[in-house]
K.L.:
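The structure's right below; bear with me while I get my questions together.
Worth knowing before you read on, the calculation uses all heavy atoms, side chains too, and leaves out hydrogens, waters and symmetry mates.
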Amino acid sequence: MSNRREQKLEEGKSKKDQRLDDLRQILATAYGRRYMDGLLEFHCVFLSIPGTNNSERDKRLGMREAGLRIMSEIAEARPDLLKLKLSE
């Protein structure tokens with residue numbers, strides 16, 4: 001009976017709530033935090049985007065934009081982790 005109730009509650013959540021809950025589960029582990037940190041670094045979130053080659057600069061800006069979206073979801077899911085990361 002309890003599983004059915006949990007299923008109903010889960011169905012009532014929005015997709016965004018489900019995604020944030022999933023992200024919280026990932027961030028709850030050291031492995032998950034390292035993985036997400038690697039994603040943010042790969043997407044050049046913490047780097048400046050220099051360059052004279054417009055094509056390469058635009059590519060890096062696009063990657064950074066994706067990284068910023070990931071970072072905003074982390075901030076929404078676990079604001080304490082983002083504050084800790086930014087203070088390091």
Side-chain angles (χ1 to χ4, degrees):
M1 203 69 164
S2 151
N3 282 342
R4 191 168 206 203
R5 184 175 185 200
E6 289 174 5
Q7 184 179 4
K8 286 277 188 186
L9 288 173
E10 192 68 26
E11 289 171 1
K13 288 184 176 181
S14 71
K15 288 187 178 191
K16 183 177 181 179
D17 289 338
Q18 289 176 0
R19 190 172 60 246
L20 290 175
D21 286 344
D22 292 344
L23 184 55
R24 285 183 194 101
Q25 292 295 319
I26 292 168
L27 295 171
T29 67
Y31 304 114
R33 290 188 298 275
R34 276 196 305 270
Y35 181 79
M36 296 307 287
D37 191 45
L39 274 179
L40 294 177
E41 286 181 22
F42 173 78
H43 284 93
C44 307
V45 170
F46 303 109
L47 300 174
S48 63
I49 310 291
T52 55
N53 181 343
N54 287 340
S55 176
E56 186 64 29
R57 188 188 71 230
D58 290 346
K59 176 183 170 187
R60 288 182 185 264
L61 285 172
M63 289 174 60
R64 187 169 192 273
E65 192 66 35
L68 290 173
R69 175 152 189 234
I70 293 167
M71 193 166 84
S72 74
E73 288 200 358
I74 291 172
E76 192 171 349
R78 293 277 310 269
D80 58 317
L81 284 180
L82 187 60
K83 289 177 187 175
L84 178 64
K85 172 66 179 162
L86 294 176
S87 69
E88 291 178 337

K.L.:
Atom CD1 in I74, atom CG in L39: separation rounded to 0.5 Å?
P.N.:
8.0 Å
K.L.:
Out of Q18, Q25, R24, which one pairs with D21 under the side-chain hydrogen bond (donor to acceptor under 3.5 Å, both in side chains) rule?
P.N.:
R24
K.L.:
Quick check: is Y35 connected to I26 through a chain of hydrophobic side chains (ILVMFWY, heavy atoms under 4.5 Å apart)?
P.N.:
yes
K.L.:
If you measure from CG on D37 to CZ on R33, what distance do you get to the nearest 0.5 Å?
P.N.:
10.5 Å
K.L.:
Is there a chain of hydrophobic side chains (I, L, V, M, F, W, Y, each step under 4.5 Å between heavy atoms) that links L81 to I70?
P.N.:
yes
K.L.:
Counting distance only, does the side-chain N/O of R64 pair as donor-acceptor with the main-chain N or O of H43 below 3.5 Å?
P.N.:
no
K.L.:
With R78, which residues qualify under salt bridge (charged side-chain N to carboxylate O under 4.0 Å, His left out), at least two apart?
P.N.:
D80
K.L.:
For residues F42 and M63, report the shortest heavy-atom separation together with the two atoms involved.
P.N.:
O-CE, 3.1 Å
K.L.:
Which atom pair, heavy atoms only, marks the closest approach of L23 to A77?
P.N.:
CD2-CB, 3.9 Å
K.L.:
Same cluster or not: L68 versus L47, using hydrophobic residues (I, L, V, M, F, W, Y) connected whenever any side-chain heavy atoms lie under 4.5 Å apart?
P.N.:
no
K.L.:
Is there a salt bridge (Lys or Arg N to Asp or Glu O under 4.0 Å) between R69 and E65? Walk through the geometry before answering.
P.N.:
CA-CA 6 Å; R69 175 152 189 234; E65 192 66 35; over 6 Å; no
K.L.:
Distance from L27 atom CG to M36 atom CE, nearest 0.5 Å?
P.N.:
6.0 Å
K.L.:
Can you see which heavy atom on C44 is nearest to which on I49, and at what distance?
P.N.:
CB-CD1, 4.0 Å
K.L.:
Taking a hydrophobic cluster as the set of Ile, Leu, Val, Met, Phe, Trp and Tyr residues connected by side-chain heavy atoms closer than 4.5 Å, whether directly or through intermediates, do F46 and L61 fall within one such cluster?
P.N.:
no
K.L.:
According to salt bridge (charged side-chain N to carboxylate O under 4.0 Å, His left out), who are the partners of R19, at least two apart in sequence or on a separate chain?
P.N.:
E73
